[in-house]
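First the proteins, then the strands, lettered A, B, ... as listed; each starts at 1.
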Amino acid sequence: MTGKEWGIVVVLLIIGLIIGYFAAAPSRTATITTTKTAVSTVTVTKTAGVPPPVTTTTQTTVAKKYADTITIGVTDKVSDLDPANAYDFYTWEVFNNIGEGPFKYKPGTTELTNGIIEDYKVENGGKVYILKLRKNLKFADGTPCTAKDLKWAIDRVARIKGDPAWFVLDFVNKTEVVDDYTLKITLKHPVAFYPAVLAVPTYFPIPPNKYPADKISSDNTAGSIGPYKITKWVRDQVLILETNPYYYGEKPKTHRIIIKFYKDATTMRLALESGEIDVAWRTLNPTDISDLKKNPNLQVVEGKGSFIRYIVFNTKIKPFDNKKVRQALAAALDRNAIAQRVFLGTVDPLYSLVPMGMWSHEDVFKEKYGEANLELAKKLLKEAGYSENNKLKVELWYTPSHYGDTEADVAALIKEAWEKTGMVEVTVKSAEWSTYLELTRKGQLPVTLYGWYPDYIDPDDYLYPFLHTSSNRWLGEPYSNPQLDKLLEEAQVALDHNKRAQLYKQVQQILADDSPIVPIFQGKLYVVANKNVHGIVLDPIMLLRYFLLYKEVGG
Amino acid sequence: MSLRAYVITRIFLTIPMILILLTLVFLVMRVLPGNPVIAMVGMKASPKYIKQLEHQLGLDKPLWLQYVDYLVDLMRGDFGRSMIWGKRIVIQEIMDHFPATLELTIGGFLVSVLLGLLTGMIAGIRSGGKLDASMRIYSIVVYSLFIPLLGMMLQLVFGVWLRALPVGGRIDPGLEPPTVTGLYIVDSILAMRLDSLLSALAHLALPSFTLGLVLSGIYTRLVRSSLMEVLGQDFIRACRARGLSGRIILFRHALKNALIPILTMMGLQFALLLAGAVLTETTFSWPGMGTFLVERITYRDFTTIQGSIVFYALFVALISLVVDIVYAYVDPRIRY
Amino acid sequence: MLLEVEDLHVHYYTKRGVVKAVEGVSFNLDRSEVMGIVGESGSGKSTLGLAIMNLVPSPGKIVKGSVKLDGKDLTKMSEKELKEIRGKEIAMVFQDPMTSLDPLMRIGDHIVEAIMAHEKISKEEAKKRALELLDEVGISKDRFNDYPHQLSGGMRQRVMIAMAVSLNPKLIIADEPTTALDVIVQDQIMDLFSRLRKEFGIAIILISHDLALELEVADKIAVMYASWLMELSNASDIAREPLHPYTKELLKAIPNVELEDQELLSIPGSPPDLHEPPPGCRFNPRCLNKMPICEEKEPPAKIVSGRFVKCWLYGR
Amino acid sequence: MLLEVKNLKKYFPVAKTFIERLLTREERYVKAVDGISFSMEEGGVFSLVGESGSGKTTTGKLVLRLIDPTAGQITFQGRDITSLSQKKLRPLRKHMQIIYQDPYASLNPRMRVGEAIMDPLLIHKIAEGEEAKNMVLEMLEKVGLTPPEVFYDSYPAYLSGGQRQRVAIARAMITRPKLVVADEPVSMIDVSLRASILDLMMDLRKEFGLAYLFITHDLAVAKYISDKIAIMYLGKIMEMGKTRDLFRDPLHPYTKALLSAIPVPTPGKSRERIKLKGEIPSAIDIPPGCRFHTRCPMRFDLCDKEEPQLKEMKPGHFVACHLYS
Amino acid sequence: MRTFGFSRFSCMVKDAGLDGYMMVFGLIIILITLIMAAFAEFIAPYNPVKIVGMPVVPPSPKFPWGTDTIGRDVFSRVVYGSRTILIVILMSTALSMSIGIPLGLISGYIGGKLDRTFSLIMDSIYAFPGLILAIAVAAMLGPGIYNTSISLAVVYIPTYFRMVRGQVLSLREQLFVEAARALGATDWRILRRYIFPSVFFIIAVVFSLNVADAILTEAGLSFLGLSVPSPTPDWGFDLKNGQRYFLSGKWWPVMFPGIMIILLALGFGLLGEGLNKVLGQKEVR
């Protein structure tokens, strides 16, 4: 190459750099255009149900300036915008903001309250529910919603037989419209927790003119009856919600909620730090949370989650048919190590299948075995016939991606804890989620790690599926205890709350003694947000209510 | 034989290739262990429900019958519906993710070709010299760079330390241009949206550089050896003897001849790009086919995986078809 | 004098050491004269041809001597000045017509490009000239748009020649122009050369391993062996009375169809490795007239009755 | 008779593309050898002379059954070998050998010279071990590769072209064949060494009493060594006769043209020159009638209509030309 | 032999110039890794699967390369990790060679319909993005050393097949092969004595270039969590595991395994590149 050609190359490189610079730099200005939002004036009249804003100075009617938009980042995704097929946590959260069912939870509690109904009656020993709808219900497009529409929505779920159809099919015998505002639901058998079922999005009314009657409509943005309606939806990219003018209830302070879908937590964290988003929600890495706690511009809001993790022993496979072996392993388990080392304290050790914060919860495992109780474990192992020379061989299975990047470390720590007894030798194995599930179901995996997200908020959902003989076949039909079966069935139909609590306490005692399933930890919920964002309410329902969020602007 | 006849022949020849890939995919998916239905309904379903679903999906039929069904469906252009979550139409899922991958691979392709051409030309012209040696080492070193590590380091430097470039995603949420092609850069230009364009370019910068840098080594090597071979040929000497200037010889004669064999390699290069894109996408949270496929593989979402792989196969076949046709068009010696 | 080559030395710097490919070669060439350079493979004849154009490929280098064309020394010219000479004043035809044309360029464009590289004329004019030239070398005009691979070997060589004469050069260097061709085509090409020489008055340097061919077409012949110019004189003199032992034996080694019951003789041994040439005369290991001094000292260049020879036989 | 060839033909089908195979049933062929007949006596040298593309190399390979003929008959030592299976041919191969043009490509670069020459002995189970090695060393000495021990262990890469060709000759000769096909054995050898290779081949012929089928494009070389010469053009023999007859009295215009095109190392001597136009046509589209008529200076109306047959003009001197009918 | 062998080797290296030095450098890296793998017990200061300190402790005298996400010694894990990757690579390469090479030899030598069928199948697989194929097979087979080896082998069978077949095809057309046939050699003899020795040298080159590629693919698979199960030390997986700390500036759990992946791939790449020249040179000289 001659000097002249070198010159050309250099010039081209410089041009490239300049273009690169401009390509890079304006992304930040672009960000600013989205976050520097218009300001709208909202008149605050009432603050019921919402923690009073810190900066409120007077209770009188004062024009306050709230930011028009709040941007939330999530790493979850919305799978299906059709309530007849939506069956995952995050999609349900969105539905809880754009829709409402007959019942809803009071923010901050696990207490149910009326949603789109004014009132309801239970008849026929818990078999018939008569729902009285509110009179002024309107869908997001302004069309009125009546009992007919609710019936249509519920029947549609049964017709389509999507993933969450069992919420209807397992319980409902028939639905009848009594009048425009009255719906009568007849159940197959009485269920004590049916109001909790009536709170799931599967029971949300949807506009019949927008949804096909017997087909899934996955990208439907017609929405339901809720404080917000969908104005923009780009799958896995962005979801924009704006206030629903036809919502019967209180109008949210924030006009627009933008939800940005991130592929990974780190990106979301950086977006939060750079101000691209106001709120980082599900799910930041433990590392990131502990880092972000140090950031003075951010607030970390912590709440108890209802997500639990546990070890399952297949009691049909030797030597785990031996209760002593299970007890020994339960005793040796070091929950704190896992919570601290892997999750940096972003989860809590759990000592029962019923999560902390839910009624009837008891720390049964802690009472019985303590924590990392090697002495007890050794004693139990010796009783079961094992020693340093004749080690108990354990094959521990985990699944690498379903529960996140941390799973391998969880398995490693369990191995570590058990091997500390000196009498156990753990082989760790893993399988992809589908294989993992199938092998478990076939009863081929002796020790497995699983997690549970509740479908409805009731102790029943944390006990019956695991312990009742008819219901725990997904664990390879491993464990069956007629006494437990009886207690669980009784608790399901008992209408008296105290009676039920009593029964569930008994169940937990038996669980701890038999130890077919050993709880490890309970998730905590974290919202990390800019300091100026208010109204973040976290409760075991695990839903973030967007309609409570607001951000004050100006002085 | 005319070019058109050649194109037709070439298209016919891609059919067995696609069939073989389809069969391979089918075998891998259906014969190896793992039950999609269980993965699909999760832990809460009853055995009866699983049986029912298996029947619904035709998984209880004999294997050969499933195979026939599978081929017939594909022939009809029916990729089926996803088995999990939204049960969305597979084609739609692919169309949601593929443009992202395409944008990334095109970006990576351009970077790798530009870098490779530059380094390869320097090495080829200065063959035997110090510059040549360093370019050769460049090509080997660069190819050995492990994409995730390189990507993470770039993220750390440009994303976290300098805060100059975004570390993940395709565009700032909210700036998406109206979908026409699905390629944000093209769409932003069509919509005349400068903010979208710049955001898309900024997001594309690190991933495409990572992918392109790693694969540029191959081009360095190809361009170098090809150029060296061409420069050693008699006709180049003849050109010099005719008193042509160095630039004309290099650009009009040598480079043109040197690039033709490289053109034939581009089809395979694209396969490498697609493979590299899987790791790049995972590292940069790029919402493309790679992350999508890896996610669905863990759920053994058969229909989607099959659909995606069939799509990959079709795409690879299409690329090699295009490359061959361009080759036949460019090189007068090839008249089939 | 058209061309004066004086004491030319070309060295190749390879990994295994320096190869002296051309050593101390001098000769002159007149206008429209045909000179043959004969030698076996590795004798340095092709390098000499390239060195005349100052076109020795790396790692080769002209280390000494001069090549003067009309008095201008080509070895001292810049690349830019050389560009003006090459093609315009001295043209070259290479051995293999298969590989000497750009496979991606139409043959007509080759000629057009060659013309336009040196003359400021429009493309149309250049094209007109190219068509005339094709006609001149015996290729029909409708092959203007053909690609090289569509032509036979002989036709390609004609294209090369057309390009060589396109700018009316003073000298054509033809490096084994017919080696890859059959005898009948060789004959045709040689006819073409002699016609062009007559028509345009071009001097030709014909490099070949075929002594018989050279004797038939060249006015004077230079015999090269292991980088040295061994003998240089008129073709007829060489045929009648070769001076150098190498030339003598070479003449005996080539079969002649004209002769009945010819006995062929071969030269014993094989050409030396130029990395380690033998001391003294390079030909001494194979020479039938070897004397003790031949193994010790390089023979001097002698002029014997007006003929150049490099051999101890002709005294100091 | 050592070798008799009757009406030998070799047509190579022209590769067709997929579409062509679909559209047309018509097969096209490269008619490399298109019906030639000749015979060779023991110990004789028979030369096939022609330009590139005349089919002379193909003929050589056909005779050795290295490729299968399309039609015709090959009789070797009185035995019809035309349709012998390769397996049955194998034992015969020690009697018929080949020397190639390119000494660089015809030797396995990864085999030592000794191994290469010994291989035929092992293949035909003639000798092994020490005995075989001694035979190889003896052969090396014979072909002038001395000292043989040094060459025995050397790789072809370290030899010059002439030396390699000697190795190839040694390998061909070690089984004492009766027939050796020599395919342009000296055309890639330096001029100064050609005569020595030719002389070596002639010496070995005398010693072993073998015959050469000598393939060359160089009439001068053919003249130097052969008893009998056939001139080939586009897969056919145009003229065939004793060397002396052919050179003294060439009959076919093509032979005459070839002869006159050969440069002669005698400057100034004017010869009768017959100039031909154009180049040899493609063997796919062979001109009708006499295949030479497109270039023939003596062409007349019969030539493009009827194909002339090879006729014996004088005893042992054949020509295929309408001028002589 | 002893000193002679070495001096000849160093001579060859010098002759090959840059390529020679590249080869030696590559060999050194590979040798170091091999030593690491062979003597892991002696080199590693800690048990690679035992928790020995606090999580993500930065490099210090106690933990020269720091600790990982749950407090295991990164250096020990990297040392033991060399074992995992080498075993997987070795097994997969052995598998793909033992299938690809014979098939390629047969297919190339016999030719005809068989060859066309094999080639079509192999070319189809070859044209498909390798990592994606490996991901699919690995995910279906499940994690584990054997399964990972199989999924890598599937990807690289076509490479060996194509290379051997191409080589055989070109060798089959070589004059010396025809010469062997003219000598009366049987097909088996030709394959064994004339074709295979030439193919063998190419295999050595392709082997090392291919192993370089396979290392990156294996690392890619384990990065995606599809290789061996935790807590077996594995570079790609450890890198992935540390990723969640990386952008917080805790680079050591990621960097060290990552650099080892790159170095090992580089080692084989350099070796292959060098071999190519050194062996090629021997052939022509």
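Looking only at distances, no side-chain donor or acceptor of C:Glu249 sits under 3.5 Å from a matching main-chain atom of D:Ser192. Remark: side-chain polar atoms of D:Glu51 are not paired, donor with acceptor, to backbone N or O of C:Ile184 under 3.5 angstrom.
Annotation: maximal heavy-atom pairing with chain D below 4.5 Å, among C:Ala253, C:Pro255, C:Ser270, occurs at C:Pro255. Ranked by non-hydrogen atom pairs under 4.5 Å with chain D, the options C:Gly154, C:Pro271, C:Pro268 are led by C:Gly154.
Within the 4.5 angstrom heavy-atom criterion, only side-chain atoms of C:Gln186, from C-beta onward, approach chain D. With a 4.5 angstrom heavy-atom cutoff, C:Leu265 touches chain D only via backbone atoms. The parts of C:Met155 that come within reach of chain D are both its backbone and its side chain, each placing non-hydrogen atoms under 4.5 angstrom from that chain.
Residues D:Val191 and C:Leu211 have side chains not in contact (no heavy-atom distance under 4.5 Å, counting atoms from C-beta outward).
Within a 6.0 Å sphere centred on CD of C:Glu199, other residues, nucleotides and ligands contribute more than 12 heavy atoms. The neighbour count for D:Lys314 NZ, taken as heavy atoms of other residues, nucleotides or ligands under 6.0 Å away, is above 12. Within a 6.0 Å radius of NZ in C:Lys248, other residues, nucleotides and ligands contribute more than 12 heavy atoms. Residue C:Lys290 places its NZ atom among more than 12 non-hydrogen atoms of other residues, nucleotides or ligands, all under 6.0 Å distant.
To the nearest 0.5 Å, the span separating OG on C:Ser266 from CG on D:Leu198 amounts to 9.0 Å. In this structure, D:Ile262 CD1 and C:Asp210 CG are separated by 10.5 Å, a value rounded to the nearest 0.5 Å. The distance from the CZ atom of D:Arg194 to the CD1 atom of C:Ile267 is 12.5 Å, given to the nearest 0.5 Å. Here OG of D:Ser52 is found 8.5 Å from CG of C:Leu181. Values are rounded to the nearest 0.5 Å.
Residues C:Leu264 and D:Ala195 approach most closely at CB-CB, 3.8 Å, considering heavy atoms. For C:Asp191 against D:Lys275, the heavy-atom pair with the smallest separation is OD2-NZ, 2.6 Å. Pairing each heavy atom of D:Leu193 with each of C:Gly269, the nearest pair is CD2-O, 2.9 Å. Contact detail for C:Gln188 and D:Gly278: the closest heavy-atom pair is NE2-O, 3.1 Å. Between D:Glu279 and C:Val185, the closest heavy-atom pair is CG-CG2, 3.6 Å.
Contact annotation for residues 220-233 of chain D against chain C (heavy-atom separation below 4.5 Å, listed by residue number): D:Ala220, D:Val221, D:Lys223, D:Tyr224.
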